[in-house]
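Please read the structure below before turning to the comments.
Residue numbers begin at 1 in each chain, while the letters A, B, ... track the order of the sequences. Fair warning: this is a prediction, and the values are worked out from it, not measured in the lab.
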There are 2 protein chains.
Amino acid sequence: MERLDKRETVCCGASVACESCAVRPLAVCGALPTDALARLARMTHPRRLGPGATLIEEGEPALDVFTVVEGMLKLYKLMPDGRRQITGFMIPGDFVGLSVGEAYIYSAEAVMPTTACRFRRNFFHGMMEDYPDLETRLLGIVSTELAAAQGQMLLLGRKTAKERLASFLLSLAGRLEVAAGDRLALPMTRSDIADFLGLTIETVSRTFTVLRKEGLLARVDKAGVVVADIDALARAAGD
Amino acid sequence: MERLDKRETVCCGASVACESCAVRPLAVCGALPTDALARLARMTHPRRLGPGATLIEEGEPALDVFTVVEGMLKLYKLMPDGRRQITGFMIPGDFVGLSVGEAYIYSAEAVMPTTACRFRRNFFHGMMEDYPDLETRLLGIVSTELAAAQGQMLLLGRKTAKERLASFLLSLAGRLEVAAGDRLALPMTRSDIADFLGLTIETVSRTFTVLRKEGLLARVDKAGVVVADIDALARAAGD
DNA sequence: CTTTCCGGTTGATCTGGGTCAATGAACGAC
DNA sequence: GTCGTTCATTGACCCAGATCAACCGGAAAG
């Protein structure tokens, strides 16, 4: 595989075929008719990001929006003293670049080699005017994200460490369509998981060990887990 | 004032004048032209709720959407064992009743006498088809809520008790447009504040005392506070 | 008036998860 | 191979906030 260094980003100038895009049915672009896809393809700028590369930064002018095509991004907010809260991990088909007003409200960084289609915000708004289904689709996507955010508030405000980790693994397995018994890849670090769950890396590590010793996870290593007992994991998640 | 008991709800059958609605400029209805307002007025069903009355319940079929006209609602999610996370307090102009799929994703309950305009979901979707600006406005509202939810994730995952309470008071004062030195009404109980901030009532109470003793708050009582030093409160909020 | 109730405050004590520290395992660089 | 680096795990100890408990004050009922 092509090697991408930290912070290196490659902007591919080659032509893009939205018509044959694998993630289109999942993504906001799935709302567009065939004749609009050519227009879309002319205006998109895919960006390739190596692990750790920054796509957008909180507070910067929000000039672009993105659709994740492959890989995974983490979205996060920082406090001045460095405390970090990861608000989500974005996978192929997900929409990134929401802003309220002029600036991005979170930073986005690749957790593994990642490709994202970039659109100018103004162009995207123009497309929404021309194709109302696009706006309807985006409303659905943002509503789904808001629902997920409210679930995460319950997790962060009221769940124990074990419930948090179990909820996280279940939710990720669901989104990535990994069945029980199969390996669930965890491309993010323990530090990322901790900052998503409102814990420390030590507690995340200890809690992985607990879940393994209790038999809910069959295998735990740096890069992934195997879910042994998905029902028990769901019970451990608390709701 | 008319007395409304807990759980009592009154559905007002009288005619409604959306044209002269005080919260319309704030609300989603503000996107509609004058001629659409008559149609809206014919189809809305204002509901009056006494303190503690339930407007919607998580998991119930999501048949209606609402705009808060006066008072305040709390939105919350429950775990089977009774742990509760309040995901937001909704004030006049706010939109309530988001669902993903068929069911409501949260419960909503009045914290004080409250009026909300009810619309059938199907009717509201029809209006969005006829008036695309309505959908655009709703997308903006949901995006703003998602941004607030991400801020709340940072609060719940990474902030101390003092930072949480300071953030909450600042945010509420901003939304209610209460200036420093004026009284900020807190119609919700300490238990509601605790369940919003991921704390216990004891910690909320102690933290109010700390903020008062440090001079950031001039007055603290059951029903409200007076912010003495808004800059210090902003510093205490952590970002 | 007294009583009960309910929400809030304060104090004493406990504990889940944080902090600090040591160790291990994987991976490039040389 | 041997460093150095980074990430993960584990153990020992600590603390912010939870829990348990006492008490207070206003409002409603009798």
*Side chains of B:Phe66 and B:Leu73 in contact at under 4.5 Å (non-hydrogen atoms)*: no
*Return yes if some donor-acceptor pair links the side-chain N/O of A:Thr207 with the main-chain N/O of A:Thr203 below 3.5 Å, else return no.*
yes
*OP1 or OP2 of D:dT10 less than 4.0 angstrom from a side-chain nitrogen or oxygen of A:Thr209, does that happen here?*
yes
*Output yes when at least one side-chain N/O atom of B:Thr200 is less than 4.0 Å from OP1 or OP2 of D:dA18, else no.*
yes
*Just by modelled atom types, is the A:Asp64 backbone N or O under 3.5 Å from a matching donor or acceptor in the A:Tyr104 side chain?*
yes
*For the pair made of NZ in B:Lys213 and P in C:dT9, what is the distance, rounded to whole Å?*
12 Å
_Comparing B:Val204 and A:Met188 on DNA chain D - which has the more 5′ nearest nucleotide_ = A:Met188
*Measure from CZ on B:Arg84 to P on D:dA18 and round the result to the nearest Å.*
15 Å
*Single hit among B:Leu156, B:Leu75, B:Leu197 for side chain to side chain contact (heavy atoms under 4.5 Å, CB included) with B:Gln85*: B:Leu156
*asked:* Looking at B:Asp81 and A:Arg158, is there a salt bridge between them, counting it only when a charged N and a carboxylate O are closer than 4.0 Å?
replied: no
_Nearest listed nucleotide, side chain of A:Glu202, among D:dC7, C:dT19, D:dA18_ = C:dT19
*Distance, rounded to the nearest Å, where A:Leu165 contributes CG and C:dG16 contributes P*: 17 Å
*Rounded to whole angstrom units, what separation is found between the CD1 atom of A:Ile201 and the P atom of C:dC20?*
12 Å
_So if I take residues 219-227 of chain B and measure heavy-atom distances to DNA chain C, which residues fall below 4.0 Å?_
B:Lys222
*Mind grabbing the angle between the end helix axes of the helix from C:dC1-D:dG30 to C:dC30-D:dG1? Five pairs an end, 10° rounding.*
30°
*For the pair A:Arg84 and A:Asp192, find out whether any cationic side-chain nitrogen is under 4.0 Å from an anionic carboxylate oxygen.*
yes
*asked:* Expressed as a whole number of angstroms, how long is the span from A:Leu217:CG to D:dT9:P?
replied: 12 Å
*Within the modelled atom types, does a donor on one side and an acceptor on the other bring the side chain of A:Arg206 and the base of D:dG11 under 3.5 Å apart?*
yes
*asked:* Quick check: do A:Thr67 and A:Cys29 have side-chain heavy atoms less than 4.5 Å from each other?
replied: yes
*Grab the CZ-C1' distance between B:Arg83 and D:dT19 for me, whole Å please.*
15 Å
*Is the backbone of A:Gly97 close enough, under 3.5 Å, to the side chain of A:Arg121 for a donor and an acceptor to pair up by distance?*
yes
*Take B:Glu163 and B:Leu154 through the test side-chain contact (heavy atoms from CB on, under 4.5 Å) and record every step on the way to the result.*
CA-CA 11 Å; B:Glu163 288 168 338; B:Leu154 176 62; over 6 Å; no
*Could you please name the option among D:dT10, D:dG17, C:dG17 that lies closest to any side-chain atom of B:Leu199?*
D:dG17
_DNA chain C: 5'-proximal contact among B:Arg190 and A:Lys162 (nearest heavy atom)_ = B:Arg190
*Quickly work out the A:Leu186 CG to D:dT9 P distance and round it to whole Å.*
11 Å
*Using only side-chain N and O atoms of A:Ser205, determine if any of them is under 4.0 Å from OP1 or OP2 of D:dT9.*
yes
_If the threshold is 4.0 Å, N to carboxylate O, is there a salt bridge linking B:Asp94 and B:Arg175?_
yes
*Whole-Å distance between D:dG17 P and B:Leu197 CG?*
12 Å
